[in-house]
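Here the structure is laid out as structure tokens; the discussion comes afterwards.
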Amino acid sequence: MSKNLIQFIIEEQRAIPSASGDFTGLLSDIVSACKQIAHDVNKGALIGVLGSAGSENVQGETQKKLDVITNEVFLKANEWGGHLAAMASEEMDDIYHIPARYPKGKYLLTFDPLDGSSNIDVNISVGTIFSILRCKDGVTNPTAEDFLQPGTKQVCAGYALYGPATMMVLTTGHGVNGFTLDRDVGDFFLTHPNMVIPEDTAEFAINVSNQRFWEAPVQRYVDECLKGKTPGGREKNFNMRWVASMVAEVHRILTRGGIFMYPLDTKEPGKGGKLRLLYEANPMSFIVEQAGGMSTTGRERIMDLKPTGLHQRVPVILGSKNEVERVTGYHKGL
Ligand code: AHM
Ligand code: MG
């Protein structure tokens with residue numbers, strides 16, 4: 001039988017002499033949260049969790065019932081363990097302080113509890129994305145400022161994908177590993193060791209309905225993909241996918257390669273992109289880079305950005321190295 005996720009992490013941590021077990025404890029709480037969310041997503045209409053919550057989040061997006069429920073699940077599963085100094089979520093205006101009745105720890109957790117939630121009512125894959133940062137030494141009462149660390153500082157990043165099978169994919173900076181939930185046993189088991197993204201691909205993912213709002217480099221890249229092996233196109237024909245669930249897109253790219261783009265656009269000027277740096281772009285960039293892929297805004301490496309706000313949005317272009325390099329080159333006028 002293959003290793004379960006916690007066994008895998010404990011064995012990985014043993015190689016780090018300074019590891020105290022705190023990190024393993026935190027990950028175990030995150031795993032519990034994802035199992036609970038997998039249950040709720042899977043039961044769907046049977047337990048009355050579909051549909052709108054009738055509220056808006058800080059970004060002005062209408063929240064689904066499951067956005068609110070899964071956010072609560074994540075907070076409750078992670079507040080008590082003594083591993084965290086604070087949390088921040090896509091669904092909350094401000095950071096979440098650990099209640100006084102619980103001990104505090106040295107890590108910070110950011111998460112998007114239910115990414116792709118527009119898909120939930122139509123029974124298409126959704127996911128959870130998380131990122132773990134270290135809290136600065138000596139800081140016992142973190143503020144939002146303490147979360148504004150570049151992606152290169154992440155200790156761990158991962159996602160849970162609630163698809164036909166529920167999976168967890170994560171990195172601690174030593175490659176990327178995927179685990180599948182065995183519902184009968186109630187545990188995630190290592191099924192996808194050392195996931196690697198092929199450098200080349202003939203598959204791209206972008207929401208083409210935004211085409212008129214894109215910048216010239218993305219217009220050029222997509223136009224060439226669409227032309228394929230005809231004049232003005234490429235050396236090969238391309239296929240296209242758009243699930244509108246970033247976790248599902250990144251998982252496909254980790255499995256068979258591809259490029260995913262949510263580029264800068266002028267649809268809502270000043271927004272700076274659609275996806276959030278701390279909850280989506282940074283964790284996914286860490287995973288993609290650890291699997292041999294590349295992730296940029298078109299202009300810079302995402303993980304090098306110094307965040308300026310908790311809910312900051314950025315353009316995202318990630319996936320198979322050679323294609324991301326090409327689009328990034330187009331932005332640089334190459
Ligand atoms: P969400 O966190 O509110 O679900 O938004 C993020 C999602 C991504 O998963 C997905 O790539 C994108 O939004 C889809 O956007 P669009 O509906 O514009 O195609
Ligand atoms: Mg999201």
Side-chain angles (χ1 to χ4, degrees), residues 33-34 37 40-41 49-53 55-71 73-74 87-93 109-131 151 157-163 167 169 203-214 218 222 240-254 258-268 271-288 295 297 302 310-319:
C34 291
I37 296 174
D40 294 353
V41 166
V49 293
L50 302 186
S52 167
S55 51
E56 278 190 354
N57 66 11
V58 61
Q59 351 241 344
E61 297 158 341
T62 307
Q63 288 178 305
K64 298 276 183 187
K65 275 188 203 160
L66 267 172
D67 283 323
V68 178
I69 293 168
T70 56
N71 191 60
V73 167
F74 231 74
M87 295 184 246
S89 155
E90 184 178 308
E91 300 301 334
M92 295 183 300
D93 300 12
L109 178 64
T110 75
F111 58 90
D112 178 356
L114 201 67
D115 183 62
S117 55
S118 71
N119 279 327
I120 191 69
D121 295 344
V122 287
N123 201 8
I124 290 176
S125 297
V126 287
T128 297
I129 310 172
F130 65 90
S131 161
Y159 63 77
L161 170 62
Y162 313 111
M167 288 192 65
V169 171
E203 197 161 68
F204 70 100
I206 192 164
N207 183 343
V208 177
S209 72
N210 292 326
Q211 186 190 6
R212 66 196 179 284
F213 302 115
W214 300 335
V218 174
V222 173
M240 199 204 84
R241 288 285 183 274
W242 188 250
V243 189
S245 192
M246 190 193 197
V247 175
E249 321 267 11
V250 169
H251 192 70
R252 185 185 62 248
I253 289 170
L254 280 165
I259 178 169
F260 166 90
M261 293 169 279
Y262 216 115
L264 195 62
D265 62 38
T266 55
K267 198 172 172 183
E268 287 177 61
K271 218 166 150 185
K274 154 120 192 195
L275 300 171
R276 274 102 339 180
L277 179 56
L278 293 183
Y279 318 113
E280 296 164 327
N282 266 342
M284 289 312 203
S285 298
F286 191 19
I287 293 168
V288 164
S295 178
T297 61
I302 287 181
L310 214 48
H311 299 290
Q312 180 184 354
R313 296 172 189 259
V314 290
V316 175
I317 297 169
L318 59 76

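Whatever order the structure lists them in is the order used to number ligands and atoms, beginning at 1. Along the sequence shown, residues carry numbers from 1.
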Whether Asp265 and Lys271 form a salt bridge (side-chain N of Lys/Arg under 4.0 Å from carboxylate O of Asp/Glu) is what I want to check.
no

Name of the Asp112 atom (N/O/S only) found closest to the Mg ion (ligand 2)
OD2

Less than 4.0 Å from some atom of ligand 1, heavy atoms are found in residues Glu61, Glu90, Asp112, Asp115, Gly116, Ser117, Asn207, Trp242, Ala244, Ser245, Met246, Phe260, Tyr262, Lys274, Leu275, Arg276, Glu280

Under a 4.0 Å threshold between the charged nitrogen and the carboxylate oxygen, would Arg252 count as salt-bridged to Glu203?
yes

Interatomic distance, Asp115 atom CG to Tyr279 atom OH [nearest 0.5 angstrom]:
13.0 Å

For the Mg ion (ligand 2), which N, O or S atom of Asp115 is at the shortest distance?
OD1

For N/O/S atoms only: which one belongs to Glu280 and is nearest the Mg ion (ligand 2)?
OE2

Phe111 CZ to Cys34 SG distance, which is reported to the nearest 0.5 Å:
10.5 Å

Just checking, is any N or O donor in the side chain of Glu91 or Gln63 under 3.5 Å from an acceptor N or O on the other one?
yes

Minimum-distance pair of heavy atoms, taken over all atoms of Ile287 and Gly158:
CD1-CA, 3.7 Å

Quick check on the 6.0 Å ring-centre criterion: do Phe204 and Trp242 meet it?
no

